[in-house]
Trainee: 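Pasting a structure here, questions to come.
Sequence lines set the chain letters: A, B, ... in the order given, protein chains first and strands last, and positions in each chain run from 1. Only heavy atoms go into these numbers, but all of them, side chains included; no hydrogens, no water, no symmetry mates. Bear in mind the structure is a predicted one, so any value in this text is a computation, not a measurement.
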Protein chains: 2
Amino acid sequence: MRKDAVQNRERLLRAARRLFADRGLDVPLDEIARVAGVSIGTLYNRFPTRDALVEAVFADRRATVADLAEQALATDDAWEGFAAFLTAVCELQAADLGYNDLAARTAPVDGDRGYGLMLEIVERAQSAGDLRADVTLADLAFVIWGVSATVAATRQTSPAAWRRHLALMLDGLRAAGARPLPGPPLPAARDC
Amino acid sequence: MRKDAVQNRERLLRAARRLFADRGLDVPLDEIARVAGVSIGTLYNRFPTRDALVEAVFADRRATVADLAEQALATDDAWEGFAAFLTAVCELQAADLGYNDLAARTAPVDGDRGYGLMLEIVERAQSAGDLRADVTLADLAFVIWGVSATVAATRQTSPAAWRRHLALMLDGLRAAGARPLPGPPLPAARDC
DNA sequence: AGCTAACTTGAGGGCTGTCTCAAGTTGAGG
DNA sequence: CCTCAACTTGAGACAGCCCTCAAGTTAGCT
């Protein structure tokens, strides 16, 4: 790839990162091109679809989440690790409206490195008797979806409000005082 | 108002009710007109803005919610009333994608009849020692927003999944085993 | 310096949805 | 039956965003 092409690619990524973070994944592509100081045609040359751009911008996130999962497993207390992991993921969401959108739209993929780790986090916390036994990994989507909605709704006015939401959900996930859950657990959904 | 005009208005409302319910509040207006068997111009004659149409379609909902709140207060057990109220509201959301959108976008208005009743539901459940003392009425938005997101995400594949989400939140709202919440409660937000 | 493949450009066509308004139609009172 | 205010109509102006491609430019090799 030519030197100038590489530079343009990076400008585009920088612009997209910023705009996605501030305004969400649906920001117009021509605006990204404009902020990058590049024509819309060049953007399409480098990233043929919006998804390709999103994927490139958030490529590191999957690994970041997997790292967080490993840290969680390294924590002595199983519940503490579990709670810290969820909190960290939600912090990523709160810090970046684009990732907030992305997290709410995509489910963890089965083959992924993070998937196995997350499963382990859940099972460990359940074995320790701290996490209620009737939840599954898929139920954590409720936390992600819920916090995503709260972040989107309160970002401007109460940027820390999601922490209350998360705290309520964590208390709901505790084994102590849990009432049985209705219905079957969520199937391990592919996406959305 | 002329007889045919009244009839057209009702056709529009019927069409809008159906389309909002199936596809959410953002369904194109010209499609509503088409389904109603009326021109787009007529739609704009009757309802100058989308909000006016939405308002007309869901005009009864505010009263419905207030009625539900009254029923909740008529329940002997304070917590049971509280939980039944939230469940009923979420059932409205699950049954109508349009209302699901609406509930997530608008906060209960201060002067509203339902507002006072909901306040009472919360306070009664807190006085009974069942609902944790550190939540406020505004915190119930987390339930609405969260369930709204879950309904939107799982409607097609697991239409009852929101009940698990709600059950987790209800357990999180219980006084028993509650950990202190972080941050200040949400300000009584106007909208959104 | 000259050449060429790689790259950039941005006007323009396409699509979807909103909203308007001049012209035509019709219900209903007199 | 006549009249006219009320109503309906739908083409079309407008706006936002997507995506393409023919023409022009440039990096980098020889």
Trainee: Just the rounded figure in Å: distance from P of C/dT8 to CZ of A/F47.
Mentor: 11 Å

Trainee: Do A/L131 and A/L173 have side chains that approach each other closer than 4.5 Å (heavy atoms only, starting at C-beta)?
Mentor: yes

Trainee: Salt bridge (charged side-chain N to carboxylate O under 4.0 Å, His left out), that's the test. Do A/R164 and B/D139 meet it? Break it down for me.
Mentor: CA-CA 8 Å; A/R164 281 175 81 87; B/D139 288 323; 2.7 Å; yes

Trainee: Which residue in the set B/D112, B/D67, B/D96 passes salt bridge (charged side-chain N to carboxylate O under 4.0 Å, His left out) when paired with B/R61?
Mentor: B/D96

Trainee: Quickly work out the A/R34 CZ to C/dT9 P distance and round it to whole Å.
Mentor: 15 Å

Trainee: Could you tell me how far apart A/I32 (CD1) and D/dC17 (C1') are, to the nearest whole angstrom?
Mentor: 12 Å

Trainee: Show the distances under 3.5 angstrom between N or O atoms of the protein and N or O atoms of nucleotides 27-30 of chain D.
Mentor:
from	atom 1	to	atom 2	distance (Å)
D/dA27	O4'	A/R2	NE	3.2
D/dG28	OP1	A/K3	N	3.2

Trainee: The test is salt bridge (charged side-chain N to carboxylate O under 4.0 Å, His left out); show your working for A/E55 and A/R50 and say whether it passes.
Mentor: CA-CA 8 Å; A/E55 169 64 28; A/R50 178 183 226 97; over 6 Å; no

Trainee: Report which part of the nucleic acid A/R9 touches: base, sugar-phosphate, or nothing (heavy-atom distance under 4.0 Å, all strands).
Mentor: nothing

Trainee: Does the pair A/R105 and A/D51 meet the rule for a salt bridge (charged side-chain N to carboxylate O under 4.0 Å, His left out), with working shown?
Mentor: CA-CA 12 Å; A/R105 285 180 202 179; A/D51 276 359; over 6 Å; no

Trainee: Which residue pairs satisfy the ring pair (Phe, Tyr, Trp, His ring centres under 6.0 Å) criterion with at least one member in residues 26-66 of chain B, sequence neighbours excluded?
Mentor: none

Trainee: In terms of side-chain geometry, is the basic nitrogen of A/E70 or A/R113 positioned less than 4.0 Å from the acidic oxygen of its partner?
Mentor: yes

Trainee: In B/S/- notation, 5' to 3', how is nucleotides 13-19 of chain C contacted by protein heavy atoms closer than 4.0 Å?
Mentor: ----SBB

Trainee: Using a strict threshold of under 4.0 Å (side-chain N to carboxylate O), is an ion pair present between B/R17 and B/E10?
Mentor: no

Trainee: Should the pair A/R132-B/D171 be classified as a salt bridge under the 4.0 Å nitrogen-to-oxygen rule?
Mentor: yes

Trainee: Kindly write out the residues that satisfy ring-ring contact (aromatic ring centres under 6.0 Å, His included) with B/F20, not counting sequence neighbours, or none if the list is empty.
Mentor: none

Trainee: To the nearest angstrom, how far is A/R11 atom CZ from C/dT8 atom P?
Mentor: 10 Å

Trainee: For B/Y99, check ring-ring contact (aromatic ring centres under 6.0 Å, His included) against everything at least two apart and list the hits.
Mentor: none

Trainee: Rounded to whole Å, how long is the line connecting atom CG of B/N45 with atom P of C/dA22?
Mentor: 14 Å

Trainee: Whole angstroms only, please: what is the CG-P distance between B/N8 and D/dA6?
Mentor: 17 Å

Trainee: Looking only at side-chain N and O atoms, does A/S39 come under 4.0 Å of OP1 or OP2 in C/dG10?
Mentor: no

Trainee: Near DNA chain C, counting only heavy atoms under 4.0 Å, which residues of residues 14-21 of chain A show up?
Mentor: none

